[in-house]
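Lettering of chains follows the sequences in order, A, B, ..., and the numbering in each one begins at 1. Hydrogens, waters and symmetry mates play no part in the numbers below; they use all other heavy atoms, side chains included.
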Amino acid sequence: MIPLTDNFGVLDRSATEAAHRLLGCVLERNIDGHLARVKIVETEAYDQTDVASHSYRGETTRTKTMFGPPGHLYVYFTYGMHYCCNVVTGPEGTGAAVLIRAAEPLEGSDYMARRRMREGVDISNGPAKLCHALGIDMRLAGHDLHDEPLRLIMKPQVAAQSITQTSRVGITKGINILWRFYLTGNPYVSKP
DNA sequence: AGCGGGATTTTCT
DNA sequence: GAAAATCCCGCTT
């Protein structure tokens with residue numbers, strides 16, 4: 001049954017607002033007969049006005065998903081071996097997206113630990129670790145997060161007082177803006 | 001606990 | 001040709 005209101009509507013906002021709202025939301029991955037569920041605990045915002053963003057120089061083959069509708073998945077391959085995933089936000093056409101940097105396993109942690117060949121926080125305390133744990137690669141590039149096998153389940157907004165806001169990680173440009181958000185004290189945050 | 005380098009490929013200068 | 005929205009291993013304190 002189709003819900004009366006599409007709760008993905010909150011993603012049709014600026015990347016920074018959406019980055020707030022995505023904290024505490026759940027990613028549900030169906031893979032290989034397993035169900036893996038994780039809670040998002042760390043995010044970063046990017047948009048076309050931002051020198052650190054892949055969308056800064058406009059739409060390209062690589063970044064076209066970022067300029068598409070909110071609620072789809074922008075996946076990129078980096079450092080020759082890692083994948084990272086972003087949720088596209090709004091307004092559509094502005095090249096805005098939120099990097100999912102870390103998440104806390106809720107279900108299927110044994111399966112994810114096996115994929116990662118690691119245990120505990122090392123399962124998913126980083127953007128490439130999370131993608132490895134959930135089996136996210138270019139096959140899911142542009143995927144609509146309403147649909148199987150990877151769904152985003154929106155949750156109520158987390159209280160502002162439990163969110164820490166800092167500079168983003170791993171970039172050399174745009175370090176002056178505080179577009180990284182995480183759940184204060186959560187052990188799965190990549191770099192507290 | 002902290003630093004340095006290697007892996008490995010896409011993208012831009 | 002070099003940097004990159006990273007991770008892992010090994011060496012040094």
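The nearest pair of heavy atoms linking A:R37 to A:M112 is O-CE, 4.2 Å. Scanning all heavy atoms of the two residues, the minimum distance from A:L73 to A:I136 falls at CD2-CG2, 4.2 Å. Contact detail for A:E42 and A:K191: the closest heavy-atom pair is OE1-N, 4.3 Å. Taking each heavy atom of A:M154 and A:V10 in turn, the nearest pair found is CE-CG2, 3.3 Å.
Distance CD1 (A:I136) to C1' (C:dC7): 17 Å, rounded to an integer number of Å. For the pair A:Y76 OH and C:dC7 C1', the computed distance is 13 Å after rounding to whole Å. For A:I175 and C:dA4, the CD1 to C1' distance is 15 Å, given to the nearest whole Å. To the nearest angstrom, C1' of C:dC8 lies 17 Å from CD1 of A:I123. Following rounding to the nearest Å, A:M117 (CE) and C:dC7 (P) show an atom-to-atom distance of 15 Å. Whole-Å rounding puts the A:N176 CG to C:dA5 C1' distance at 15 Å. The CD atom of A:Q48 sits 17 Å away from the C1' atom of C:dA5 (whole-angstrom rounding). Here C:dT6 presents its P atom at 18 Å from CZ of A:R118, a figure rounded to the nearest Å.
Between C:dA2 and B:dG5, the distance separating the two P atoms is 16 Å to the nearest Å.
Of all nucleotides listed (C:dC8, C:dA5, C:dT6), C:dA5 comes nearest to the side chain of A:Y74. The side chain of A:A128 approaches C:dC7 more closely than any other nucleotide in the set C:dC7, C:dC9, C:dA5.
Listed by first residue number, the stems of DNA chain C with at least three Watson-Crick or G-U pairs below 3.5 Å are B:1-7 with C:6-12, B:9-12 with C:1-4.
OP1 and OP2 of C:dA4 both lie 4.0 Å or more from every side-chain N or O belonging to A:R168. Put simply, A:K173 has no side-chain N or O that comes within less than 4.0 Å of OP1 or OP2 on C:dA5.
At a threshold of 4.0 angstrom between heavy atoms, the contacts of A:R180 with the nucleic acid are absent. Nucleic acid contact for A:L99: base, since at least one base atom lies under 4.0 Å from a heavy atom of the residue.
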B/S/- contact track for nucleotides 7-13 of chain B, protein heavy atom under 4.0 Å: BBB-SSS
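Residue A:I153 qualifies as enclosed at atom CD1: its count of foreign heavy atoms under 6.0 Å is above 12.
Side-chain contact between A:Y188 and A:S124: present, with at least one pair of heavy atoms (C-beta onward) separated by less than 4.5 Å. Between A:S53 and A:D47 there is no side-chain heavy-atom pair separated by less than 4.5 Å.
Ion pairing between a basic and an acidic side chain is recognised when a charged N comes within 4.0 Å of a carboxylate O; A:R168 and A:D50 show such pairing.
Stacking between A:Y46 and C:dA5 is shown: the ring centroid lies under 5.5 Å from the centre of the six-membered base ring, and the planes differ by under 30°.
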Kindly list each side-chain donor-acceptor pair under 3.5 angstrom involving residues 76-100 of chain A, sequence neighbours excluded, with atom names and distances?
from	atom 1	to	atom 2	distance (Å)
A:N86	OD1	A:L99	N	3.4
A:N86	ND2	A:Y74	O	3.4
A:T94	OG1	A:P91	O	2.7

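A donor-acceptor pair under 3.5 Å is formed between the side chain of A:H72 and the backbone N or O of A:G142.
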